[in-house]
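Reviewing the structure listed below.
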There are 4 protein chains.
Amino acid sequence: MSPKIVDREAKRQAILAAAIAVFAEKGYHATKMADIARKAEMGKGTLYEYFRTKEELPKSIFGLMLEAFDQEISQLEQAHADPVDAIMAGIQLCFQDLDEFAYVTPLVFEILGNKDLDRSIGLSEDFKQWLEGINQFFIAQIQAGQAQGKISSKLSAPIFARMLVSILDGMATHYCMFHFQPDFFMAQVKALEDMVCSYLVSSIGDKQ
Amino acid sequence: MSPKIVDREAKRQAILAAAIAVFAEKGYHATKMADIARKAEMGKGTLYEYFRTKEELPKSIFGLMLEAFDQEISQLEQAHADPVDAIMAGIQLCFQDLDEFAYVTPLVFEILGNKDLDRSIGLSEDFKQWLEGINQFFIAQIQAGQAQGKISSKLSAPIFARMLVSILDGMATHYCMFHFQPDFFMAQVKALEDMVCSYLVSSIGDKQ
Amino acid sequence: MSPKIVDREAKRQAILAAAIAVFAEKGYHATKMADIARKAEMGKGTLYEYFRTKEELPKSIFGLMLEAFDQEISQLEQAHADPVDAIMAGIQLCFQDLDEFAYVTPLVFEILGNKDLDRSIGLSEDFKQWLEGINQFFIAQIQAGQAQGKISSKLSAPIFARMLVSILDGMATHYCMFHFQPDFFMAQVKALEDMVCSYLVSSIGDKQ
Amino acid sequence: MSPKIVDREAKRQAILAAAIAVFAEKGYHATKMADIARKAEMGKGTLYEYFRTKEELPKSIFGLMLEAFDQEISQLEQAHADPVDAIMAGIQLCFQDLDEFAYVTPLVFEILGNKDLDRSIGLSEDFKQWLEGINQFFIAQIQAGQAQGKISSKLSAPIFARMLVSILDGMATHYCMFHFQPDFFMAQVKALEDMVCSYLVSSIGDKQ
DNA sequence: AATGAATGAGCCTTCATTCAT
DNA sequence: AATGAATGAAGGCTCATTCAT
């Protein structure tokens, strides 16, 4: 409410923006606090007015990102009446705003790859929970679809859902890492949707 | 006249084994050369008799691994007469010996996440080529299958193949990172094979 | 708003003074950065705020010294109308402030004696040029003296001048290394001047 | 007498020769024991059968050199009847075999410049004594010449002699360091002899 | 609140020396 | 006697963090 508060929050954001940019360019370990200060156009000391340690920076960055993710997932839960539609929407959601995320992919890797850092930031734990959220969404939709006779009863919802989560992460990660042409990637997504969709509904109506 | 006889190759392997173990436990940056020396039960100086720098260790580790991979891929090329069988074999190959690989997954992440380290080791470049090898294998098999009328002509080989590569990497990575129960993962692989297989042959014989 | 105010130049000088003192006491290789930091009463890290490497220290020390030398030589060029007077003044200049220089003589030796160090510092190159400057001064004065009939035409200016340079360096160096009594050394200088002076004018007016 | 002894002595010499060569090329600090072993074509361990430490190598090298010097000086003492001739011979002696010495000049510098090393090797002490031997020789000859009326009584033998020693060292050192053309250097030596000779006999027969 | 000078713990690497063979 | 593999103490340098101004 007071101007001070606004200032502080804006400055925090400015620092985070600078940190994201420099981390993305150099990676976490290769980034010095001095680099971030320079990018944010402030003194090194000032950074420590807003973040107690270097580790707080990725902690905040990913905290915000995962928070945003979580919101989007919970929105999904309600938007679609038809389970198969909902699943397709879930797939699409995973590939939304991927370009923004591509930026920090190497940073995610570096943190997940460093036990100490990861423990302190809790990234892999948060990440796991985020995936689990998606997983639960898919499980629920598949089971609903099976109950409604719209999805083959032969497939195991927990197994298929978890497989789907891995698949989506794999495709998203490869897009982020290898910088596919958008058209080429879109075609891949289309192929995936097609394959998943036909598989879900396959043998519905088969006599058993 | 009789200098101390040492099996240098065995010692190199012992060091690499120690390095893998410590890297896996702590990550690359958090691992000190002293840690590796202690694990390998030798002096710090001895490490440098076998590897010029700390970076040489992951370089050797991944050099050996990717070499082994490459051999296995090239073997695949010939073993299967039926393209669809070959594709299934390719999928299975990607999930072979995954437990051994799981060990170093975080190390891969950390290196891919660090520009300097990656450049010096050349891991992402090697990794990309390895994936490209698999991609080419799938493309070739799909096209062969289409030529033989065993695979639907509707799908684009380059797009589907590349999607499959991303999918396989995603599933393998999630297995390595989240330590699924083997049965649970096997069921996922089964579901994937099932889905891919039906998609490849779908609408063969459809009148169009 | 008001950052810590520091006279960076003064601090640089303080570090150089400490470095000279410790180098003089122990020699370059035996001096640890920690020794210099202790002598300068600051942390090791602070040294690196002012000098990028250990080698920068002798580089700066000799840079400043040779700069001062060069100025003094160029002043000599004009101050004396009579060439013989100028030569005597040149000789005296070489023995001025010798006590200050005595301090770093062993350091000069150590650097000149170490190929790598010398290359990086460029000391022997600078030193050579400095001697060449003195040499040219003597050559010019001798030739002027010969043109004016004040110096024997029999002697070769380039040869005599270069000999004189070696002689002066030899005497200065011995003074610095063996710490002669000032009176004893002054008497040597006097003898040299006497000898050189009589030799320069010898056989002027001889009929030939 | 026994072949073993001869073998050992030959090997010691081989090691010293290798050491001189490598020290000359790289300087003392930059030379590793492994370099010397390689040059001498033997194992590192073997070096330590002949020399207890790295420092023993320059200690032996200079021990032998200075021993050879001392012999030559003492020979001078008797060879010349005329004091002025003897002094000229002394000057020439200082410039004999200079090319051989040029080889190790940087090594001498490096050792003289390092207090610890010098103390352990005792080089500067030995060097000082060697110079003092030459000094005493010149003093004796000058005084003899003065007694015989062949050298001006005006000059102080101790002062002139010591000056001469510094001069000779200066010229020899510059030859070794700056690699003058032999002719150019010979002409300098000639000029020096000429100057010294005329100065010694100057004003003999002056009325006083 | 903002700054950046100062700090020192910590790490990779070197290399003289040892010693088992 | 000869070897060279093994060792570990030591040093230059980095950089996250502190704190005086």
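Every heavy atom of this structure was used, including side-chain atoms; hydrogens, water molecules and symmetry mates were not. Only a predicted model underlies this, so the values are computations on that prediction, with no experimental measurement involved.
- Note that CG of B:L123 and CG of B:L107 are 8.5 Å apart. Values are rounded to the nearest 0.5 Å.
- Taking 4.0 angstrom as the limit, A:K11 places a side-chain polar atom (N or O) nearer than this to OP1 or OP2 of E:dA2.
- Among C:E56, C:K59, C:E55, the one residue that satisfies the side chain to side chain donor-acceptor pair (under 3.5 Å) test with C:S120 is C:E55.
- Using a 4.0 Å heavy-atom distance criterion, C:F51 is classed as making no nucleic acid contact.
- Whole-Å rounding puts the C:I15 CD1 to E:dA6 C1' distance at 11 Å.
- From D:F51, atom CZ reaches atom OG1 of D:T46 across 12.5 Å, with rounding to the nearest 0.5 Å.
- Side-chain to base pairing of C:K44 with F:dG11: no donor and acceptor N or O lie closer than 3.5 Å to each other.
- Checking the phosphate oxygens (OP1, OP2) of E:dA1, no side-chain nitrogen or oxygen of A:Y50 falls inside 4.0 Å.
- Ring-plane geometry between A:F23 and A:Y28 is classed as tilted, the angle between the planes lying from 30 to 60 degrees on a 0 to 90 degree scale.
- Listed in residue order, the members of residues 19-40 of chain C having a heavy atom less than 4.0 Å from DNA chain F are C:T31, C:K32, C:M33.
- For the OP1/OP2 pair of F:dA5 and a distance below 4.0 Å, the side-chain nitrogens and oxygens of B:T46 include no atom meeting the criterion.
- Ion pair B:K32/B:D35 not flagged as a salt bridge, since none of the NZ, NE, NH1 or NH2 atoms sits closer than 4.0 Å to an Asp/Glu carboxylate oxygen.
- Distances shorter than 4.0 Å separate none of the side-chain N or O atoms of D:R52 from OP1 or OP2 on E:dA16.
- Counting to the nearest Å, the P atom of E:dA16 and the CG atom of D:L117 are 12 Å from each other.
- For the residue pair B:S124/B:R119, the side-chain donor-acceptor check at 3.5 Å is not satisfied.
- Side-chain atoms of B:Y48 lie closest to E:dC12 of the nucleotides E:dC12, E:dT18, F:dT7.
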Quiz prompt | Secondary-structure notation, DNA chain E, from Watson-Crick and G-U pairs under 3.5 angstrom (| other strand) | solution = .||||||||||||||||||||
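- Under the 3.5 Å distance criterion, the side-chain polar atoms of B:K54 are matched with a main-chain donor or acceptor of B:T31.
- Between B:G45 and C:E49, the residue whose closest nucleotide on DNA chain F is further toward the 5' end is B:G45.
- The local environment of NZ in A:K115 is crowded, with over 12 non-hydrogen atoms from other residues, nucleotides or ligands closer than 6.0 Å.
- Across all strands, D:K54 comes closer than 4.0 Å only to sugar-phosphate atoms, never to a base (heavy-atom distances).
- Counting only heavy atoms from C-beta outward, the side chains of A:T105 and B:L112 never approach each other to under 4.5 Å.
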